[in-house]
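Everything numeric here is computed off the predicted structure, so don't read it as measured data. Start at 1 and go down the list; that is how both ligands and their atoms are numbered. Throughout, numbering of the chain's residues begins at 1 and tracks the sequence.
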Amino acid sequence: MKVFRTIRELREELNSCKQSQSNVSVGLVPTMGYLHDGHASLMTRARGMSDIVVLSIFVNPIQFGPGEDFETYPRDEERDLALAKSHGVDIVFIPTVQEMYPKQVKTKVVVSELTSQLCGASRPGHFDGVTTVVSKLFNIVKPNRAFFGLKDAQQVAVLQQMVTDLNMDVELITCPIIREADGLALSSRNVYLSQEDRTQALVLSRSLNEVREAIDCGRAATAAEARLMLNEIIRSAPLAVIDYAEVLSFPELSRVEDETVLVDMQGEVIMALAVKFGGTRLIDNMLFKPKEALLLV
Ligand code: PAF
């Protein structure tokens with residue numbers, strides 16, 4: 001496994017790989033490091049679908065707002081490199097902030113509409129930072145495929161829109177959320193949680209599962225009922241401070257009207273949550289086709 005910290009060296013390596021072998025496919029796994037089993041699933045998927053797997057580790061300052069955790073975001077390069085190696089990564093790209101943004105950024109990639117709700121509303125400018133850095137990584141690595149986890153489902157919808165709108169020659173591969181045995185979705189930010197926060201944070205996956213069951217059996221038929229039930233279950237955890245608990249269509253991310261009967265909907269629905277526990281903001285979601293549940297009954 002080779003590690004590069006400059007764009008020039010990384011490009012030289014990738015060019016020489018492409019020259020020595022024809023039709024090599026490159027898979028990119030973009031991360032901010034502090035790797036966990038969620039990232040491992042992306043690396044494994046990339047390994048199975050690519051000749052060369054590139055993992056990028058970059059805590060991207062422009063996707064953090066003022067007062068957010070850019071400075072304290074957990075970092076552990078040594079451990080990340082060991083994990084990358086054990087998952088068959090060929091190349092790790094770990095640029096500095098200076099390498100990625102040598103001058104003040106004057107060009108941004110902005111996706112409209114999809115970024116105005118959920119995390120986009122709570123974290124203004126966040127997705128502009130994500131789409132800008134991911135575009136830069138795509139230009140640097142020129143991957144055939146890039147791998148993203150569905151825990152950040154809004155990020156996936158936004159990036160897919162960007163790739164389609166800008167005719168970027170890369171296929172986005174999405175991988176399911178990876179959870180702890182007790183249901184907590186894996187996140188690098190889980191390390192911030194106290195024991196009590198962590199116990200109460202289990203209400204996220206529990207609320208998603210219970211509401212999904214209630215939709216399937218008609219106890220929560222409409223979007224309003226599903227939203228109400230999500231909010232009630234989450235509020236039963238005294239430490240939970242809800243940012244949003246929403247029901248939207250996916251990937252359009254349009255709020256489903258209150259009176260809409262969910263099993264009448266044709267496409268995919270997402271129940272999306274962002275909730276703070278002791279100052280740590282966690283997100284979780286569930287994507288599903290309500291109509292399919294009805295057909296199974
Ligand atoms: O999902 C993340 O870890 C980040 O948003 C990404 C895609 C690596 C961009 O910095």
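- Which parts of ligand 1 touch Val133 is read off a 4.0 Å heavy-atom cut-off, strictly below it: atoms 9 (C), 10 (O).
- At under 3.5 Å, not a single nitrogen or oxygen of Asn60, backbone or side chain, sits near a nitrogen or oxygen of ligand 1.
- In this structure, atom 3 (O) of ligand 1 lies nearest to the protein heavy atom Met32 CG, 3.6 Å.
- Numbered from 1 in the order shown, with element, the atoms of ligand 1 that lie under 4.0 Å from a heavy atom of Gln63 read 4 (C), 5 (O), 9 (C), 10 (O).
- Under a 4.0 Å criterion applied to the non-hydrogen atoms of Gln155, ligand 1 contributes the atoms 1 (O), 2 (C), 4 (C), 5 (O), 7 (C).
- The side chain to side chain donor-acceptor pair (under 3.5 Å) pairs that include a residue from residues 272-282 are Asp243-Arg281, where partners are two or more places apart or lie in different chains.
- Under a 4.0 Å N-O distance rule, the pair Arg123/Glu68 qualifies as a salt bridge.
- The pair Asp90-Arg47 meets the salt-bridge criterion, with a side-chain N (NZ, NE, NH1 or NH2) lying under 4.0 Å from an Asp/Glu carboxylate O.
- Using a cut-off of 4.0 Å between Lys/Arg side-chain N and Asp/Glu carboxylate O, Glu9 and Arg5 are scored as not salt-bridged.
- Partners of Phe138 according to the ring-ring contact (aromatic ring centres under 6.0 Å, His included) rule, which considers only residues two or more places apart in sequence or in another chain, do not exist here.
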